[in-house]
Structures are given as structure tokens and as C-alpha cells.
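Only a predicted model underlies this, so the values are computations on that prediction, with no experimental measurement involved.
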Amino acid sequence: MSLAAAESPQHSSSSDDFAAFLDGELDYTSDTLPDEEDEDEGDTGRVKRRKVEVQEGVEGPEGCSTSQLDIEQILEASTEEDMCKHPGFISGLCYMCGHKVDVEKYDSVALTYVHQGMRVVTDEIARVGKNESKKLLRQKKLYLVLDLDHTLLNSTRLVDVTPEEEYLKSQIDSLRAKDISRGSLFRLDFMNMLTKLRPFVRTFLEEANNMFEMYIYTMGERSYALQMASLLDPEKVYFRSGVIAKDDSTQKHQKGLDVVLGQESAVLILDDTESVWAKHKENLILMERYHFFASSCRQFGFNCKSLSELKSDETETEGALASVLKVLKQIHSMFFDSEPGADLADRDVRQVLKTVRRSVLNGCTVVFSRVFPTRFQAENHHLWKMAEQLGAICLTEVDPSVTHVVSTDTGTEKSRWALQEKKFLVHPQWIEATNYFWQKQPEDKFPVSQPKSQ
């Protein structure tokens, strides 16, 4: 047994899985230890324990001090340390040979969500990610990294519940119920909050599990993340790979795939916030934010009633999760089913994602009117870039090829041209909704307001 399994302070499934992964799948003993030691795992384990004892200065197995240990055992341990590649460390000890190592000499990444105090050498993470990705691809699966808040659920503090939301307290589902998988609204008194799961989330996770190895990745605290994971996955079926929280990120205020044990070419991300994925935008599918509680609307500056105050909610069949599941199925099918017989390791899900995105507004030519600030470079505006990513052609002036004029009122010259030429005149929200739902939205649902009277 390696140190990861023997001395883990966190008896979590992810820690146990990774310990088994290190001991079984990596099988470093076959590469670093003499053949005769490979044949006796018990002896190898004892040698590791002796080496830890030498480092710690504790008594040996016979009750004698480490300074009295047989010199032959010390030489044996020293030889093994020289042969070990030190792929990673737990609290400064190599998790393969057990020796104390100067971690600063190694280019490594903290994997604290796997095991407290764990760091893995960058080259080793790349090797593990490549091997794990190959195994996953053989199972016709990819990786899916899921945000929590506003993507899979919405939470609010009890003190932030408005009078119009008080009715919710009589509709909560009990955490003590035998089957909490049937619930969707939970009161967490020990955290002083209410949590509402997004409609369709349980079906989404069940179907996504057939196509993906899933991670949770949140900028929230670990205690909160684990509690939310238990609500979403009470049977511990979906998030075996891990729950990554704020303190597990290697860069402040950013999320990164450097802590995900898989190749970036096989990873998709669902998140409502693009800015936290600055280095991985090509992997990201941006989600429409789920604002169930009033405090969530206020947090983002919306001066309107929340879904809870309206006693409403997203629909199961037409909500954001149902829509994005269709996209994920399409991407998965294109990745695995196109070009039968080709080497899957050479494929890149980011290219598939681009292809699917560009098909959404293919055939549309868009002109913007009174949408960008004066003297603003149109090509740099996020709506222009969004439309192009969706496959539209964007122009600065109207011509017969234009299919849509995007404007904020009907009083502009380009808006009047659109009405005269019977072109689509739509509000900018049409592009945003199309981007969220990955499907061209009905133009008549996004009308442009009449100009204000002078």
C-alpha cells in the first residue's frame, strides 16, 4: 500500500480511488524496484515503512531506534530512492518510495482535492492524463467539468429570503428522507441556506454519465461543494473523479484544467461564467444563469422578480439543461461516430465544439444598429464575436445579403431599412439566447421597441 492509502486523513472515495490508481494503474514498482522485490508486495510495503521511520526518527519494527536499524535495510532503502522517479508527494514525502523530497526542485501541481498535501509532478500529470484519456476514449466517453452555482443549482442564505419567498419554507425536502434523489428544494440549517436544484438536473446527470467522466468544479468552499455534490449525487455515482473547490485551483480567481486528470483535447466545460476560464474558452459551453432566488437576481443587478417570487421555474423539457444535453449528445456523436476506424487519440473535442457552434447561425448575415458605444470597434464587441462564433457573417453596413438587423429600437436608419426590406429586426438578446440554447431562436420573440417620443 502506498502512503496515499496508508496515511490519508481524508477517507473520501476520490482519495481511495487515486491511491488504487497510483498503486495499480501506474505500477511504478515494476519500473523502479528490483524483480525480486516486485514478487513480494509485503516486503515492498515494509521497506517503504522503514524508510518513513528513518525520516521521522521513530522506533523500528522490533522496538529499537532507527539508528539501530540493520545497515543492509538502510542501504536497500537508499538504493530504491535513487531508482524512484518521485512522481508526486504527500506532505513532502514521495508517495512511491516514501522518502522526504525537496518539493521545490520539481515542477509540480497541487491536487489537494484528491488528497490533502498532495502534489504531482507536471510530467506525471501529463502522462496520467494521456493514459486515462485513452482508456476513457475506448469506453466512448469524454470528460465533462461542471460548475455548481447558477449552472446546476441556486442557493440563498436564509436571511436573504424575501417575504414573497417565505412560502418556500413549507415546501422543502428533508435531508433525512430515505431517497433525497426525489427532492429539489432543500433547507440546510447547518449552513443557514436554501438550495434549489435546477429542473431536469437529475435526468441530465443520469444521461450525461453515459457519455462523460464528470467533475464538479466550483469557486465555492470545499464544505459547500461536497454538500451540493451529495444533493446532486446521493448514491455517489456521477462524480467519482472528484469535486474541485476554490482552494484547489492553482491560480487565484481562475479555474484551470491543470488539476483535471485528463487531456484537454477530451474535456468539455459547462459554466455560467466565461471569465474564470480565461485559458480554456475553447473547451467551454456557456450556460444561461439559473436565478431561482431573489438574492441571485440582486447579485447580478437584475431589478426584477425572481422565479421563486413569481412561483415559477424553468421547464423540464425546454430549460437550459435539457437544451445543452442535446448539444452534448451531438458533440459526443460527432466525436466518436464520424470517420469510423480513425485514431480517437488524434481527435480534439474543441474542434468538434467549434463545428457544432458555427452551424447554429450558418446562413445568417447580421448588421448591428445602435448596439455598440460610439466610436467602439465593432469587431471587438462581444456580441459581434458571439455571432461569428455561431456561424453568422457580420457586416457594418446593410446590403441585399443581410438577413438580420440587430438593434435596440426601430428608429434607426438601419432598422427602418430592415422593416422596409422585410428583413428580420431583432433585439440583441436574440443573439444571446441563441448562444445559450445553441439553436436559432424565433425572431418574433425578440421584438425591437418603438423609438421614444421626443
Checklist entry - Between Glu388 and Lys385, is the closest basic N to carboxylate O distance under 4.0 Å? => result no
Item to check | Main-chain N/O of Trp430 paired to Thr434 side chain as donor or acceptor, under 3.5 Å | outcome: yes
Checklist entry - Is a side-chain donor or acceptor of Arg370 paired with a backbone partner of Thr408 at a separation under 3.5 angstrom? => result no
Checklist entry - Going through the checks in order, is the side-chain contact (heavy atoms from CB on, under 4.5 Å) test met by Gln254 and Ser249? => result CA-CA 7 Å; Gln254 284 289 304; Ser249 292; over 6 Å; no
Checklist outcome for this item: Heavy atoms of Ala225 and Thr218 approach each other most closely as CB-CG2, 3.5 Å
Checklist entry - Which value, rounded to the nearest 0.5 Å, describes the distance between His404 atom NE2 and Ile393 atom CD1? => result 13.0 Å
Item to check | Tyr436 and Asp272 side chains, donor-acceptor separation under 3.5 Å | outcome: no
Checklist entry - What distance separates Lys311 NZ from Ser306 OG, expressed to the nearest 0.5 Å? => result 12.0 Å
Checklist entry - Do the side chain of Gln299 and the main chain of Ala294 share a donor and acceptor less than 3.5 angstrom apart? => result no
Checklist entry - Does the side chain of Gln330 pick up a donor-acceptor pair with the side chain of Ser333 at under 3.5 Å? => result no
Checklist outcome for this item: The side chain to side chain donor-acceptor pair (under 3.5 Å) partners of Asp247 (sequence neighbours excluded) come to none
Next on the checklist: Using a 6.0 Å cut-off, check whether atom NZ of Lys445 has over 12 heavy atoms from anything other than its own residue.
Outcome noted: no
Item to check | Within-4.5 Å side-chain heavy-atom neighbours: Val349 and Tyr143 | outcome: no
Item to check | Worked verdict on Lys140 versus Asp337 for salt bridge (Lys or Arg N to Asp or Glu O under 4.0 Å) | outcome: CA-CA 10 Å; Lys140 292 193 71 173; Asp337 298 338; 3.2 Å; yes
Checklist entry - Between Ser415 and Asp409, is there a donor-acceptor pair closer than 3.5 Å when you use the side chain of the first and the backbone of the second? => result yes
Checklist entry - Going from CG on Leu146 to OH on Tyr215, what distance comes out if it is rounded to the nearest 0.5 angstrom? => result 12.0 Å
Next on the checklist: Under the criterion salt bridge (Lys or Arg N to Asp or Glu O under 4.0 Å), I'd like the reasoning laid out for Asp147 against Lys255: C-alpha separation, chi angles, the key distance, then a yes or no.
Outcome noted: CA-CA 10 Å; Asp147 174 51; Lys255 298 180 179 181; 3.1 Å; yes
Next on the checklist: For Tyr113, run the side-chain contact (heavy atoms from CB on, under 4.5 Å) check against Leu226, Val243, Val259 and tell me which one passes.
Outcome noted: Val259
Next on the checklist: If you apply the rule ring pair (Phe, Tyr, Trp, His ring centres under 6.0 Å), what do you find for Trp277 with Tyr217, and how did you get there?
Outcome noted: CA-CA 11 Å; Trp277 291 103; Tyr217 199 151; 5.4 Å; yes
Checklist entry - So Leu321 and Tyr290, side-chain contact (heavy atoms from CB on, under 4.5 Å) or not? Walk me through it. => result CA-CA 10 Å; Leu321 287 176; Tyr290 182 47; over 6 Å; no
Checklist entry - Can you tell me if Lys134 uses its side chain to pair, donor with acceptor, with the backbone of Leu344 under 3.5 Å? => result no
Next on the checklist: Please check this pair: side chain of Lys196 against backbone of Thr156, looking for a donor-acceptor N/O pair closer than 3.5 Å.
Outcome noted: no
Checklist entry - What pairs with Thr195 under side chain to side chain donor-acceptor pair (under 3.5 Å), at least two apart in sequence or on another chain? => result Ser155
Checklist entry - About how many Å separate CG of Asn154 and CG of Leu148, when rounded to the nearest 0.5 Å? => result 11.5 Å
Item to check | salt_bridge(Arg416, Glu413) N-O dist < 4.0 Å | outcome: no
Checklist entry - Is any side-chain heavy atom of Leu261 less than 4.5 Å from a side-chain heavy atom of Leu111? => result yes
Next on the checklist: Working to the nearest 0.5 angstrom, can you tell me the gap between Asp313 CG and Leu307 CG?
Outcome noted: 5.5 Å
Checklist entry - For Val159 and Asn192, what are the C-alpha separation, side-chain angles and deciding distance, and is it a side-chain contact (heavy atoms from CB on, under 4.5 Å)? => result CA-CA 8 Å; Val159 295; Asn192 297 308; over 6 Å; no
Item to check | Ser407 side chain vs Ser369 backbone, donor-acceptor pair below 3.5 Å | outcome: yes
Next on the checklist: If I compare all heavy atoms of Pro87 with all of Cys84, which pair ends up nearest, and what's the gap?
Outcome noted: CD-SG, 4.3 Å
Item to check | Exceeds 12 heavy-atom contacts within 6.0 angstrom, atom CD of Gln439 | outcome: no
Checklist entry - Taking the six-membered ring for Trp, are Phe446 and His427 ring centroids under 6.0 Å apart? => result no
Next on the checklist: If I take atom CG from residue Leu152 and atom CG from residue Leu270, how far apart are they, to the nearest 0.5 angstrom?
Outcome noted: 7.5 Å
Item to check | Side-chain (Thr273) to main-chain (Ser275) donor-acceptor, under 3.5 angstrom | outcome: no
Checklist entry - Do side-chain atoms of Asp107 reach the backbone of Thr122 as a donor and acceptor pair under 3.5 angstrom? => result no
Item to check | Side-chain donor/acceptor of Arg289 to backbone N/O of Cys297, under 3.5 Å | outcome: no
Next on the checklist: Regarding Lys305 and Glu164, does a basic nitrogen lie under 4.0 Å from an acidic carboxylate oxygen?
Outcome noted: yes
Could you pull out every donor-acceptor pair under 3.5 Å between side chains of residues 197-207 and any protein atom, sequence neighbours left out?
unit_1 : atom_1 : unit_2 : atom_2 : d
Arg198 : NE     : Glu314 : OE1    : 3.0
Arg198 : NE     : Glu314 : OE2    : 3.3
Arg198 : NH1    : His150 : O      : 3.2
Arg198 : NH1    : Thr151 : O      : 3.0
Arg198 : NH1    : Glu288 : O      : 3.0
Arg198 : NH2    : Glu288 : O      : 2.8
Arg198 : NH2    : Glu314 : OE2    : 2.8
Arg202 : NE     : Ser181 : O      : 2.5
Arg202 : NE     : Gly183 : O      : 3.4
Arg202 : NH1    : Leu231 : O      : 3.1
Arg202 : NH2    : Ile180 : O      : 3.1
Arg202 : NH2    : Gly183 : O      : 2.9
Arg202 : NH2    : Leu231 : O      : 3.2
Glu207 : OE1    : Lys329 : NZ     : 2.6

Item to check | Atom of Phe186, atom of Asp173 and distance for their closest heavy-atom approach | outcome: CD2-O, 3.4 Å
Checklist entry - Within a strict 4.5 Å, meaning less than it, do heavy atoms of the Met214 and Asn209 side chains meet? => result yes
Checklist entry - After noting the C-alpha distance and the side-chain angles of Ile269 and Leu257, does the key distance pass the side-chain contact (heavy atoms from CB on, under 4.5 Å) rule? => result CA-CA 10 Å; Ile269 302 165; Leu257 295 181; 4.1 Å; yes
Item to check | pair Glu221-Gln227: side-chain heavy atoms closer than 4.5 Å | outcome: no
Next on the checklist: For Arg240, is there an ion pair with Asp233 - N to carboxylate O distance below 4.0 angstrom?
Outcome noted: no
Next on the checklist: Are there over 12 heavy-atom neighbours, none belonging to Glu318, within less than 6.0 Å of that residue's CD?
Outcome noted: no
Checklist entry - Quick one: are Lys423 and Val398 in side-chain contact, heavy atoms under 4.5 Å? => result no
